[in-house]
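When a residue number appears, it is its place in the shown sequence, counting from 1.
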Amino acid sequence: MSRLQLTGILGVVALLSMAAVPTTTVRAKRPCATAIALRDRVPFEQMLGTKAFSVPLLAAGYDSYIYLEATADDDGRGRLLAALAAARAESDGEGCSVDLFLLAHGDEFVSWVEDMPAAQVPPLRLVYDTGAGDARQGPRWLALGARSFVGHPGANLAPVFYAFFLPTWIGGAPIGDVVSESNRRAFAVIVGARPYLGEQTGALWRGTRAELFGDATTAKR
């Protein structure tokens, strides 16, 4: 079984486990909160699964959202930066905030935003990046004004973590608690898959265990 297939299987297992989470965890929306998400180009079934999971939660939890997908000839950079600039224009004087979800294997997304004029960067409440090793970009996101950043330190099974992270975050808990709880539940899934992961289990868990930078009290209320 390939790593790609296994990641998909574990993601499905994690998503199914969310069935026990009551719908009441999705609380009232915070006025003037926008979500922007970018999915990199992966096999069709992965793109479909990510969208089917993410979009209903983003629609329920935010006043507005933009869900972008990369294509074979467009990595989404221009569309992402345009969405951020538009969010900044709408946020001026309104106390609005943006949560940015980078659902990708890994890239220098932070450099995309660093290259933007500062006046076009919106207030970033939360940035979450699924990319392998992208946790190292945390200090750079904070320098761009992000209140909190969450990333993974190495090669990972981020879909397992994300399956718990997004609903828990939208439920309104402080980000420190969200990361701790999502890590705990992701660990249970990954360890449970030891018969399939074998000797990779420990390394994949260490790479998946999300790290939080910035304010641990940030919450989506």
Side-chain angles (χ1 to χ4, degrees), residues 2-15 17-18 35-43 46-47 49-50 53-54 57 70 75-76 80 99-113 124-144 146-170 173-194 196-197 199-216 218:
S2 70
R3 174 76 62 78
L4 192 62
Q5 291 172 315
L6 183 57
T7 298
I9 291 171
L10 291 176
V12 170
V13 170
L15 292 176
S17 69
M18 293 305 300
I36 300 174
L38 173 64
R39 166 82 261 193
D40 67 347
R41 186 169 180 263
V42 291
Q46 290 187 43
M47 297 192 77
T50 304
F53 174 71
S54 302
L57 287 166
D75 62 5
L80 177 65
D99 292 345
L100 178 59
F101 300 93
L102 301 167
L103 310 175
H105 287 150
D107 208 327
E108 277 285 312
F109 296 113
V110 66
S111 68
W112 295 6
V113 182
L124 296 169
R125 178 175 57 185
L126 169 69
V127 179
Y128 170 58
D129 188 334
T130 64
D134 285 358
R136 66 181 182 277
Q137 298 173 9
R140 294 166 66 185
W141 281 109
L142 298 186
L144 286 167
R147 183 173 175 183
S148 302
F149 172 82
V150 177
H152 300 277
N156 62 61
L157 297 174
V160 178
F161 175 86
Y162 179 62
F164 302 117
F165 174 80
L166 184 58
T168 309
W169 163 251
I170 288 177
I175 190 64
D177 293 344
V178 173
V179 172
S180 295
E181 176 65 8
S182 301
N183 274 334
R184 183 186 68 80
R185 298 177 76 178
F187 175 76
V189 173
I190 292 171
V191 170
R194 185 185 297 273
Y196 304 97
L197 294 172
E199 62 183 18
Q200 301 179 82
T201 304
L204 285 171
W205 162 241
R206 289 189 292 273
T208 301
R209 187 174 186 272
E211 298 177 359
L212 169 64
F213 295 79
D215 189 349
T218 302

Peer 1: Which residues pass the side-chain hydrogen bond (donor to acceptor under 3.5 Å, both in side chains) test with R136, sequence neighbours left out?
Peer 2: none
Peer 1: For residues V127 and A146, report the shortest heavy-atom separation together with the two atoms involved.
Peer 2: CG2-CB, 4.0 Å
Peer 1: Restricting to side-chain contact (heavy atoms from CB on, under 4.5 Å), what partner residues turn up for R206, sequence neighbours left out?
Peer 2: A203
Peer 1: Testing the basics here: between A216 and P174, what is the closest heavy-atom pair and its distance to 0.1 Å?
Peer 2: O-CB, 3.7 Å
Peer 1: Output all residues satisfying ring pair (Phe, Tyr, Trp, His ring centres under 6.0 Å) with F109, sequence neighbours left out; order by chain, then residue number.
Peer 2: W112
Peer 1: What are the two closest heavy atoms between L38 and L80, and how far apart are they?
Peer 2: CD2-CD2, 4.2 Å
Peer 1: Has R147 got more than 12 heavy atoms of other residues, nucleotides or ligands less than 6.0 Å from its CZ?
Peer 2: yes
Peer 1: State, without any angle test, whether Y162 and S54 hold a side-chain donor-acceptor pair at a distance under 3.5 Å.
Peer 2: yes
Peer 1: What's the spacing between L102 CG and I36 CD1 if we round to 0.5 Å?
Peer 2: 10.0 Å
Peer 1: Taking T218 for the side chain and I175 for the main chain, is one N or O donor matched with an acceptor at less than 3.5 Å?
Peer 2: no
Peer 1: R41: which residues meet the side-chain hydrogen bond (donor to acceptor under 3.5 Å, both in side chains) condition with it, sequence neighbours left out?
Peer 2: none
Peer 1: Which value, rounded to the nearest 0.5 Å, describes the distance between E108 atom CD and D134 atom CG?
Peer 2: 7.5 Å
Peer 1: Looking at F213 and P139, what are the two nearest heavy atoms and their distance?
Peer 2: CE2-CD, 3.9 Å
Peer 1: About how many Å separate CG of L100 and OH of Y128, when rounded to the nearest 0.5 Å?
Peer 2: 12.5 Å
Peer 1: Ignoring hydrogens and geometry, is there a side-chain-to-backbone donor-acceptor pair from Q137 to D107 under 3.5 Å?
Peer 2: yes
Peer 1: To the nearest 0.5 Å, what is the distance between CZ on F161 and CG on L166?
Peer 2: 10.5 Å
Peer 1: List for me each residue that meets side-chain hydrogen bond (donor to acceptor under 3.5 Å, both in side chains) alongside W141, sequence neighbours excluded, and say none if there are none.
Peer 2: none
Peer 1: How far apart are the closest heavy atoms of G207 and P153, and which atoms are they?
Peer 2: O-CD, 3.1 Å
Peer 1: Who are the side-chain contact (heavy atoms from CB on, under 4.5 Å) partners of T201, not counting sequence neighbours?
Peer 2: I190, R194, L197
Peer 1: Return the OG to CG distance between S148 and L142, rounded to the nearest 0.5 Å.
Peer 2: 8.0 Å
Peer 1: Mind listing the closest non-hydrogen atom pair of F101 and A35 along with its distance?
Peer 2: CE1-CB, 4.1 Å
Peer 1: Between CG of L103 and OG1 of T50, what distance do you get to the nearest 0.5 Å?
Peer 2: 6.5 Å
Peer 1: Just by modelled atom types, is the T130 backbone N or O under 3.5 Å from a matching donor or acceptor in the N156 side chain?
Peer 2: yes
Peer 1: Whether the side chain of H152 engages the backbone of T208 through a donor-acceptor N/O pair (distance < 3.5 Å, no angle test) should be reported.
Peer 2: yes
Peer 1: Does R125 use its side chain to pair, donor to acceptor, with the backbone of D99 at less than 3.5 Å?
Peer 2: no
Peer 1: So does R209 get a backbone contact from the side chain of N183, meaning a donor-acceptor N/O pair under 3.5 Å?
Peer 2: no
Peer 1: Within the 4.5 Å heavy-atom criterion, are W169 and V150 side-chain neighbours or not?
Peer 2: no
